[in-house]
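We count residues from 1, following the sequence as given. Indexing begins at 1, ligand by ligand and atom by atom, following the structure's order. All heavy atoms count here, side chains included; hydrogens, waters and symmetry mates do not.
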Amino acid sequence: MVSETDLFRRLFDVLEQHSREQNCGNFLQYHSPAELTALLDLDRENTEGDWDPIFSWISQYLEYGVKTSHPSFVNRMWAGANPPSILGDIVVAATNTSACTYESAPVSTLFEKYMIEQMLELVGFKNGEGQMTTGSSNANMIAMMCARNLACEQVKQRGLFAQRELFAFVNNDAHYSMDKAANILGLGSEHLVKVEVNERGEMEPVALKAAIEQVVGAGGVPFFVAATEGTTVRGAYDPITPLLALRKKYGFWLHADGAWGGAAVMSDSLKDEFMAGLSEVDSFTCDFHKMLGSALMCNVLLINHSNRTLGAVLGGGDGSYLFRDTEDSGVRDLGTTSLQCGRRVDSLKWFLDWKYYGKTGFGKRIENYLELCKYAEECVHSYPELELVTPRVSFNICFRYKVNEEIANSFNQELRTRLYQQGLALVGIAYIGELLVMRLLITNTNVGRQEIDQFFRQLVDLGQEMAA
Ligand SMILES: *Cc1c(COP(=O)(O)O)cnc(C)c1O
């Protein structure tokens, strides 16, 4: 028998080596799915007690995986992970519990409650509440659900049958999780109104007002508006203050989707610049696993209402086999305000990151990302081969390689694929209207000016080669 201690030692040797190599060489050894399937030998039989093949698959996982902390990985809204959160996640895996009750997860429960209090204070919600969810997709849905249940008091018992029609309003570039929420919650996509944006990608309050008036005129109920704080592709921040004025008039629930750009709460100056009025909205979601670098997944949803809203809206069924009456201890089981039953412990990594970097450290990180993004914008301007497709408004750069318009989309797609398959860089792509753009996001503490220079140099060299 191999003891657990031996297994951990063996694993840590492998991890240590990986950690040393993860920022060197290429970020990926690319293999096609067919090649990789063969390499992984998926059908290989193994016998219980034989650890060698297990470690061999672990090595392959590391060898053929994408090195997400590598500076060439500029594809996604996250990269690598903060060391404290990695330590936390390893401990969470090794101890396996569910963060639904104090009984089964006492320390996690207190960490989560503590962090929610910290965040409520940062954002400026008084007497609010919150919960860690599985990500902002889920958090957006829960916020919309709170709004729905408040707008239709009987919805929990009667469903949406024979109700007045409900309408939700979002930025035309809002995240696709809003469409999913409209589906799950029984609204239907026709009741999710996508509001026109201006040339910066921000929802136009005038257009929103007109869309609401139209719905109200037809007898509908405008129950929910989401301000996207940092749109996924362009990085636009919907202005909150004019939406607060509209809320006063129409009484909807105002949610702020800060999955991406909400990280600006860590810097007082950026918070004021991008999200003035945030403390007045009804709910706010922020992903700690994006710009702030906690290990995936790490999200918080905050509600700016009485601390009974989540329980009232989300609770249901008989949980008495699981939840304890907590009046005596004063600590409510977190599962009672969640849509999940089992909950992975995400609080440990979050708490450790918070204690290690603090608001000051995170604030500096975000400010530095913004500086680097401005630098990347200058780089785009410095190459005659490149152009910005939309103005940079915050942390996103959307650009493309300039070629004849007829082939521009396919050329940029191919350029991006070659960068990836040659292991040079993984950069995002997206459509803005009809135009395919490359979206550069800097969310990696290993990226500085030099890495940005190199990224553009390689991209332009390859583009020139292709264009020749
Ligand atoms: C990433 C993102 C989401 C989805 O967040 P997940 O945590 O991945 O579910 C929602 N909204 C915006 C604006 C995003 O950028």
The answer for which part of Ala259 has a heavy atom under 4.0 Å from ligand 1 is side chain

Any N or O on Asn138 sitting closer than 3.5 Å to an N or O of ligand 1?
no

Atom indices of ligand 1, in the order listed, that fall short of 4.0 Å to a heavy atom of Trp260
15 (O)

Give the atom numbers and elements of ligand 1 that come within less than 4.0 Å of a heavy atom of Ser137.
4 (C), 5 (O), 6 (P), 9 (O)

For residues Trp78 and Asp287, is any side-chain donor paired with an opposing acceptor at under 3.5 Å?
no

Verify side chain to side chain donor-acceptor pair (under 3.5 Å) between Ser136 and Thr285, making sure each step is shown before the conclusion.
CA-CA 6 Å; Ser136 283; Thr285 173; 2.9 Å; yes

Report the relative orientation of the aromatic rings in His191 and Phe167; use parallel for angles under 30°, tilted for 30 to 60°, perpendicular for over 60°.
tilted

Please determine whether any non-hydrogen atom of Gly258 lies less than 4.0 Å from an atom of ligand 1.
no

Side-chain donor or acceptor of Asp333 paired with backbone N/O of Gly335 under 3.5 Å
no

When Asn82 is tested against each of Lys349, His289, Arg365 for side chain to side chain donor-acceptor pair (under 3.5 Å), which residue passes?
Arg365

For His289, state whether at least one heavy atom is located under 4.0 Å from any atom of ligand 1.
yes

Given Trp350, Trp354, Phe351, Tyr357, the one that forms ring-ring contact (aromatic ring centres under 6.0 Å, His included) with Phe288:
Trp350

In terms of the angle between their ring planes, are Trp253 and His305 parallel, tilted or perpendicular, with boundaries placed at 30° and 60°?
parallel

Less than 4.0 Å is my threshold; does some heavy atom of Asp287 fall inside it relative to ligand 1?
yes

Looking only at protein heavy atoms, which one is nearest to atom 4 (C) of ligand 1, and what is the separation?
His175 CE1, 3.4 Å

Hey, looking at atom 3 (C) of ligand 1, which of Met77, Arg76, Lys290 has the closest heavy atom?
Lys290

Using a 4.0 Å cut-off to any heavy atom of Thr232, which atoms of ligand 1 qualify?
12 (C), 13 (C), 14 (C), 15 (O)

Does Asp257 reach ligand 1, in the sense of a heavy atom lying below 4.0 Å from it?
yes

Arg332 CZ to Tyr102 OH distance, which is reported to the nearest 0.5 Å
16.0 Å

Which atoms of ligand 1 sit under 4.0 Å from any heavy atom of Gly230?
13 (C)

Knowing that exactly one of Val225, Asp238, Val195 qualifies, which makes a side-chain contact (heavy atoms from CB on, under 4.5 Å) with Asn171?
Asp238

shortest atom 6 (P) of ligand 1-to-protein heavy-atom contact is with Ser136 N, 3.4 Å

